Amino acid sequence: MSEPRVEWIASDPVSQRVIEVAERVASAATNLLITGESGTGKDQLARYIHERGTRRDAPYQKIDCASLPPELVESELFGHERGAFTGAVDAKRGRLELAGRGTLVLDEVAALALAVQAKLLRVLEEHRFEHLGGTEPLRMEARIIALTNANLERAVAEHRFREDLFFRLNVLAIEVPPLRDRSGDVLPLAAHFLERLGPVHGRPEARLDAEASAALAAYGWPGNVRELKNALERALVFAQHDVLGIADLPESVRAARRPAALPANLRSLEQLEKEAIAATLEATRYKISLTAEILGISRKTLLEKRKKYGLL
Ligand SMILES: Nc1ncnc2c1ncn2[C@@H]1O[C@H](COP(=O)(O)OP(=O)(O)OP(=O)(O)O)[C@@H](O)[C@H]1O
Ligand SMILES: [Mg+2]
């Protein structure tokens, strides 16, 4: 039996719950939908689930529905016979077939063209498919894990995604929360990435100083785990020492630091003005013209302000 290779760092209680659910659905026979913002770890979780389930020794195949043109998605999924379309010089097996009894991941599933959605729905219902241009029926045995960072319900409401296909894929669903909602993961993830990437960049001893750790913990990570990983990798590449400081972090992270505690003696401009007028009046022994001259205002303005501030 193969050893699991994919790790999932989960220190925050929020992501520990995600992992509990993932362990439970890992061996389920039903399809699974993983949702979450970009960079939250959907790919990583799909792989983790594959490796913990009963299909772990069978193939793991992935297809990126967003980056392939629709014609190619179809042949990539189902395979094709020689001459099935212009350019199909040889027969080719599709991902569904290559996945066998394993897992087929449909990445960015919301990007599937409606025609391909219709075909996929039929395959999911009948558990059978053919190569493009072929007639021989092939059995579908793989488990589908669909990933999306788009709101599929909205895509359904807007008729961009078939509702019946949505229900087929959404039998089980896991939402990977954004990193800002599981801030307890930030530093353990950072330590994990330094440990893994440090040796790659010639800094196996790399670590963060207290200020850098505080800055990472305080930042909101709109790009989620991927942004954190990139920030640390960049720091490792450019750092001059093993101890990474605030200066080694991206400007966005540095800018989000909480300002240092404010000095206690800060006051409003009005208060400062009142104090300046009172002090100058006292110093000139209440000579109005001289006070106005020193403060750079007219006698009239000085008298108004004196009245406003109740200075006699
Ligand atoms: N919990 C985790 N533990 C360890 N590494 C993680 C974890 N979550 C994410 N990563 C790493 O962070 C990076 C981004 O994760 P991944 O590619 O899975 O995100 P994604 O949700 O699929 O993003 P996208 O929507 O942009 O495709 C990857 O390098 C992944 O290995
Ligand atoms: Mg992804």
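Start at 1 and go down the list; that is how both ligands and their atoms are numbered. Numbering starts at 1 and runs along the sequence shown. Here the structure is a predicted model, which is why all the values come from computation and not from measurement.
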Exercise. With a 4.0 Å cut-off, would you call E76 and K92 a salt bridge?
Worked result: yes
Problem set entry | R203/D242 salt bridge by N-O under 4.0 Å criterion | yes
Exercise. CD of E158: more than 12 outside heavy atoms within 6.0 angstrom?
Worked result: yes
Exercise. More than 12 foreign heavy atoms under 6.0 Å from CD of E195: is that the case here?
Worked result: no
For this session: Check V116 against V73 and note the closest heavy-atom contact, atom names and distance.
Result: CG1-CG1, 4.1 Å
Seminar exercise, completed: Sorted by chain and residue number, the residues having a heavy atom closer than 4.0 Å to an atom of ligand 1 are E7, W8, I9, E37, S38, G39, T40, G41, K42, D43, Q44, N149, L189, H192, F193, V225, R226, K229
Exercise. Has D43 got an N/O/S atom less than 2.8 Å from the Mg ion (ligand 2)?
Worked result: yes
For this session: Classify the ring geometry between F85 and H80 as parallel (under 30°), tilted (30 to 60°) or perpendicular (over 60°).
Result: perpendicular
